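These notes concern the structure reproduced below.
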Amino acid sequence: MRFFVPTDIYVEKDCVKKHANQLLVVGTRALIMTGRHSAVANGSLNDVESVLNSGNIPFQVFDEVEENPSTDTVRKAVQMARNFKADFVIGIGGGSAIDAAKAVSLLLLNPAVDADDLHKASSSPLDHAPVVAVPTTCGTGSEATPVSIITNHGIQLKKSIPHVIFPALALVDGKYLASAKKQLIANTAVDALSHMVESILNIKSNAFNRMFPEYGLKLWGECKSALLSDAAIDSGLYEKLMLTSTIAGMSIAHTSTSVPHGMSYDLTLHAGVPHGPAVGYFLAAYTEICAKFVPEDVQKILSLLGLKNIEEFAAMLRKLIGTCTIPSALRDQFAAAMKKNRSKLDLVPGAITAADIDFIYEKSLVVESN
Ligand code: NAP
Ligand code: ZN
């Protein structure tokens with residue numbers, strides 16, 4: 001058993017200001033990466049800029065990170081970082097901005113590697129510039145993982161890049177959720193839930209790393225009724241939702257995600273489904289298959305969430321993220337590709353069959369005839 005998280009992580013209100021000293025020693029010139037709007041709207045960009053100004057750290061802002069960031073965006077941002085002579089990268093936003101910041105940090109120190117080569121394995125580990133992560137969604141936990149998920153549209157691939165990039169520092173503050181719509185909070189909370197469920201229903205699950213998803217699922221269960229209700233989320237829950245997401249990130253940092261995430265990438269790439277729902281559609285059926293292999297683990301997950309059975313789990317997910325309809329030809333194409341995805345199938349805690357994969361697709365997606 002091994003346990004390792006090298007990121008210095010703080011979770012508290014006004015986290016960026018309170019930990020200004022930690023932020024100011026990460027580097028001397030910063031590239032800040034954000035999406036187009038949210039980091040301004042929720043105050044996170046202003047908080048980071050104030051701290052950098054107070055410590056006389058020069059910075060430039062790249063604010064063009066799109067959802068599911070692309071190799072083209074990463075290439076453009078690294079050019080800005082090089083021109084500015086940045087020596088560290090700050091990702092502020094959801095998983096997209098943080099993942100893009102990680103990829104830029106890698107290319108910054110490896111000028112011979114083009115953004116189009118990010119998905120290729122290197123013969124030896126590549127170094128990267130330090131990354132600071134300031135999450136503003138409660139889903140990916142990217143602030144606590146070594147993973148960066150990038151889309152290469154040229155080869156129609158959305159996948160994690162094979163490089164280990166833990167942020168040096170993560171500053172996690174629930175107050176940034178105040179500007180988020182309820183559906184964004186629900187979508188991203190389903191992503192965090194999936195990280196914890198896939199971490200337990202995983203061949204790499206062990207007594208050390210289980211502490212994270214088991215505690216996180218209990219916290220998620222405490223947020224469940226607020227997520228399911230039609231009312232807005234009470235601001236008192238923001239910190240718990242963010243903490244749960246970070247804990248879910250720590251969970252997959254040790255096990256990695258499994259089949260539902262493997263299935264989600266095609267749904268996002270080819271049908272434009274946001275990440276959280278794209279994973280969540282497959283979660284109940286994957287859990288049902290795993291009940292054949294590790295029934296006690298499935299029972300444990302359900303009881304931590306305060307649910308009686310898998311049917312209740314599926315109904316809860318439907319209420320949170322609805323259903324997804326795709327053409328049958330597309331579903332068959334996704335299923336055929338998934339049957340060859342050994343990197344995810346080998347993590348299942350049992351001998352998953354082709355029929356099991358078909359079962360998950362049939363149960364999880366609504367199909368329209370072509
Ligand atoms: P996201 O793609 O980062 O952001 C989704 C949307 O939410 C964007 O329009 C963004 O607006 C907006 N937004 C962000 N924070 C907001 C806030 N506080 N208030 C209002 N709007 C806000 O969503 P995400 O689900 O967090 O990240 C998804 C990406 O992370 C996917 O590419 C997924 O594959 C990846 N992922 C990574 C890991 C990992 O370990 N690295 C794990 C799971 C998933 P702006 O564009 O204006 O910012
Ligand atoms: Zn995810």
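Whatever order the structure lists them in is the order used to number ligands and atoms, beginning at 1. Since the structure is predicted, the reported quantities are computational estimates derived from the model, not experimental observations.
In N68, the parts holding a heavy atom less than 4.0 Å from any atom of ligand 1 are both the side chain and the backbone. When heavy-atom distances to ligand 1 are checked against a 4.0 Å cut-off, T145 comes that close only through its side chain, counted from C-beta outward. Proximity of V147 to ligand 1, defined as any heavy-atom pair under 4.0 Å, is shared by backbone and side chain alike. Looking at L184 against ligand 1, only its side chain comes within 4.0 Å, counting heavy atoms. Counting heavy atoms closer than 4.0 Å to ligand 1, residue T140 contributes atoms from both its backbone and its side chain. Residue contacts with ligand 1, taken as heavy atom pairs separated by less than 4.0 Å, involve H275 solely via side-chain atoms from C-beta onward.
Residue-ligand proximity: T34 is placed with every non-hydrogen atom at 4.0 Å or more from ligand 1. Ligand 1 has K158 within reach: a non-hydrogen atom of the residue lies less than 4.0 Å from it. Judged by the shortest distance from any of its heavy atoms, E66 lies outside the 4.0 Å radius around the atoms of ligand 1.
A salt bridge links D230 to K319: one of the charged nitrogens lies within less than 4.0 Å of a carboxylate oxygen. In this structure, R210 pairs ionically with D297, as a charged nitrogen and a carboxylate oxygen lie closer than 4.0 Å.
Here F282 and Y361 bring their ring centres to under 6.0 angstrom of each other.
From the protein, the heavy atom lying nearest to atom 8 (C) of ligand 1 is E67 OE2, 3.6 Å. For atom 15 (N) of ligand 1, the closest heavy atom belonging to the protein is T136 OG1, 2.8 Å.
Side-chain contact check for D87 and T28: at least one donor-acceptor pair (N or O, by modelled atom type) lies under 3.5 Å. Using a 3.5 Å distance cut-off with no hydrogens or angles, the side chains of N341 and S343 do pair a donor with an acceptor.
Atom NE2 is the N/O/S atom of H195 found closest to the Zn ion (ligand 2).
For ligand 1, the polar-atom distance check finds no N/O of L177 at less than 3.5 Å from any of the ligand's N/O atoms. Residue K181 places no N or O, backbone or side chain, under 3.5 Å from any N or O of ligand 1. Below 3.5 Å of separation, one finds an N or O of S179 facing an N or O of ligand 1. The shortest N/O to N/O separation between T137 and ligand 1 falls below 3.5 Å.
Taking the six-membered ring for Trp and thresholds of 30 and 60 degrees, H195 and H261 have ring planes inclined between 30 and 60 degrees apart.
Two residues are said to be in side-chain contact when any heavy atoms from C-beta on lie closer than 4.5 Å; L157 and T151 fail this criterion.
Vertex the Zn ion (ligand 2); arms to H275 atom NE2 and D191 atom OD1; angle 90° (nearest 10°).
For the pair R29 and F88, the cation-pi test (distance below 6.0 Å, angle within 45°) is failed.
With ligand atoms numbered from 1 in the order given, ligand 1 contributes 25 (O) to contacts under 4.0 Å with heavy atoms of T188.
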